[in-house]
Amino acid sequence: MSLKVISWNINMFNITSEEFQIRSPKIVNELVTKSEDCDIIVLIESSYPFLEKLKMSEIKKNFSLLNRLSMSHGGIINILFNKNKVKNISQIPIEDNIPVLLIRFMLNEKDYFLGGCHLAPFPENSELRLQQLILARTTVPPNKPLILIGDMNIREKESKVFENEEVFKLKDSGDKRRTWFRSFFEKNSPISSRFDRLYYSNKLELQKFDLFGRIYKNNKFELLSDHLAIKTELKII
């Protein structure tokens with residue numbers, strides 16, 4: 001049996017009411033559709049109005065909202081879990097207000113740790129991002145299955161540091177498809193850096209890595225957020 005996770009920076013925290021009315025129903029519909037076979041949903045840059053809209057959707061049939069959250073520079077990190085499958089879920093505290101919502105839970109009699117991340121922004125914060133990830137990683141015993149997923153704000157040149165298992169002891173998904181779109185704000189501009197990432201411990205094996213969050217409408221693609229969502233499947237070795 002495997003663990004299926006969605007992580008999405010939905011860009012719903014600091015927006016106008018008009019933009020909220022336009023985008024939120026589409027994001028809710030996309031989450032409802034894509035989460036049918038999912039176990040955990042991580043929402044980055046979430047907000048209370050968005051959660052209220054989401055909780056009124058069909059997603060409530062299978063998912064409950066974790067009664068804990070974490071704050072980052074860009075808003076709220078929330079986690080929803082499949083109430084029919086995920087058991088004994090709890091938050092694991094991390095020191096120094098690290099912007100990672102770290103949880104422990106049981107699925108199919110297996111014990112997992114998972115952190116939804118929204119690390120420090122801007123290129124000059126490379127060292128701070130490394131510190132935040134290492135603090136999150138060292139909170140979990142090294143022999144336990146761990147997934148760190150979300151908006152890492154990591155630039156490609158930084159990824160070599162994080163791929164060093166002696167430092168980090170987690171594997172990169174290795175998927176280099178882009179997840180963040182400058183053109184969401186600036187029309188016709190090129191795709192920018194890949195900020196959203198998946199790291200996992202050597203107790204796990206990556207089965208699938210997919211992206212979603214754009215829809216084809218009126219003969220063109222429409223981005224639902226400035227980030228694409230990650231949907232992944234991992235199996236305990």
Side-chain angles (χ1 to χ4, degrees), residues 1-8 34-44 62-64 66 68 70 77 79-94 98 100-119 129-152 154 156 158-179 194-212 228-237:
M1 302 295 289
S2 58
L3 168 67
K4 297 178 181 178
V5 181
I6 285 173
S7 173
W8 196 2
K34 299 297 185 182
S35 66
E36 288 182 351
D37 61 342
C38 195
D39 304 306
I40 298 287
I41 302 172
V42 179
L43 298 180
I44 312 294
N62 294 319
F63 286 87
S64 293
L66 181 71
R68 296 288 186 271
S70 183
I77 305 171
I79 286 178
L80 294 94
F81 60 95
N82 191 317
K83 57 189 175 184
N84 304 311
K85 297 164 66 176
V86 173
K87 308 298 181 185
N88 303 328
I89 187 168
S90 61
Q91 182 186 13
I92 306 298
I94 304 179
I98 300 300
V100 177
L101 182 53
L102 183 63
I103 58 172
R104 181 176 186 171
F105 59 93
M106 296 283 294
L107 177 71
N108 301 318
E109 307 303 319
K110 304 291 186 181
D111 196 22
Y112 292 89
F113 290 81
L114 181 143
C117 307
H118 193 199
L119 305 185
R129 283 190 282 275
L130 176 60
Q131 292 171 355
Q132 290 173 341
L133 271 177
I134 288 178
L135 277 170
R137 203 280 165 261
T138 54
T139 301
V140 177
N143 62 336
K144 296 292 185 179
L146 169 65
I147 300 104
L148 292 179
I149 190 169
D151 182 358
M152 307 290 189
I154 291 170
E156 288 302 326
E158 298 173 37
S159 64
K160 300 299 180 184
V161 176
F162 299 108
E163 288 169 4
N164 185 338
E165 286 196 43
E166 292 304 313
V167 175
F168 197 34
K169 293 183 169 47
L170 291 178
K171 292 179 283 188
D172 192 333
S173 67
D175 197 298
K176 299 303 179 186
R177 285 177 292 176
R178 305 299 196 239
T179 60
R194 176 175 177 263
F195 290 159
D196 296 81
R197 292 180 180 270
L198 163 68
Y199 293 112
Y200 56 99
S201 66
N202 57 15
K203 296 291 182 180
L204 295 164
E205 182 179 81
L206 183 64
Q207 304 286 296
K208 294 180 181 178
F209 184 103
D210 296 309
L211 302 177
F212 68 87
L228 289 180
I230 290 173
K231 184 174 182 180
T232 188
E233 181 178 350
L234 300 113
K235 182 179 180 180
I236 291 182
I237 299 174

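Index from 1, following the sequence.
- The shortest non-hydrogen separation linking K235 to M1 is CG-O, 3.8 Å.
- Counting all heavy atoms, side chain and backbone alike, C38 lies closest to F63 at O-CZ, 3.5 Å.
- Considering only heavy atoms from C-beta on, L66 comes within 4.5 Å of L101 through its side chain.
- Here the rule is side-chain contact (heavy atoms from CB on, under 4.5 Å) with L198, and of L148, D172, L206, V5 only L206 fits it.
- The backbone N or O of K110 lies less than 3.5 Å from no partner atom in the side chain of N108, so there is not a single donor-acceptor pair.
- How far CG of L170 is from CZ of R197: 13.0 Å, rounded to the nearest 0.5 Å.
- The shortest heavy-atom contact between N143 and K203 is O-CE, 3.3 Å.
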(request) Could you please spell out the steps behind the side-chain contact (heavy atoms from CB on, under 4.5 Å) verdict for L102 and V140? (result) CA-CA 9 Å; L102 183 63; V140 177; 3.9 Å; yes
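- In terms of modelled atom types and a separation under 3.5 Å, the side chain of T179 and the main chain of L228 share no donor-acceptor contact.
- Crowding of K208 atom NZ: a count of heavy atoms from other residues, nucleotides or ligands under 6.0 Å not exceeding 12.
- Note that CG of L204 and CD of Q207 are 10.0 Å apart. Values are rounded to the nearest 0.5 Å.
- Annotation for I44 and C117: closest pair CD1-O, 3.4 Å, computed over non-hydrogen atoms.
- We find the CG-CG distance between L107 and N82 to be 8.5 Å, quoted to the nearest 0.5 Å.
- When every heavy atom of S201 is checked against every heavy atom of K171, the shortest pair comes out as O-CE, 3.9 Å.
- Between L130 and L119 the shortest side-chain heavy-atom distance does not fall below 4.5 Å.
- Once rounded to the nearest 0.5 Å, the distance linking OG of S64 with CD1 of I89 reads 9.5 Å.
- Annotation: K85, atom NZ; neighbour count of heavy atoms from other residues, nucleotides and ligands within 6.0 Å is above 12.
- At least one side-chain heavy atom of L3 sits under 4.5 Å from a side-chain heavy atom of Y112.
- Counting only heavy atoms from C-beta outward, the side chains of I103 and I79 approach each other to under 4.5 Å.
- Remark: D39 does not engage K4 in a salt bridge, criterion side-chain N to carboxylate O under 4.0 Å.
- Contact check for I149 versus T232: side-chain heavy atoms found under the 4.5 Å cut-off.
- Of the inter-residue distances, the one linking Y199 atom OH with S173 atom OG reads 8.0 Å to the nearest 0.5 angstrom.
- The two atoms that bring L146 and R137 nearest to each other are CD2-NH1, 3.5 Å, heavy atoms only.
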(request) Could you walk me through whether I92 and F113 pass side-chain contact (heavy atoms from CB on, under 4.5 Å), step by step? (result) CA-CA 9 Å; I92 306 298; F113 290 81; 4.2 Å; yes
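- A side-chain contact (heavy atoms from CB on, under 4.5 Å) with F105 is found for one member of I40, D111, N88 and no other, namely I40.
- Side-chain atoms of E233 and S2 form a donor-acceptor pair, as typed in the model, at a separation below 3.5 Å.
- Within the 4.5 Å cutoff, the side chain of I230 has no heavy atoms near those of the F212 side chain.
- In this structure a side-chain-to-backbone donor-acceptor pair under 3.5 Å is present from K231 to K34.
- A 4.5 Å side-chain heavy-atom check between I98 and T139 finds every atom pair outside the cut-off.
- Here CD1 of I134 is found 9.5 Å from NZ of K169. Values are rounded to the nearest 0.5 Å.
- Within the 4.5 Å cutoff, the side chain of V86 has no heavy atoms near those of the M106 side chain.
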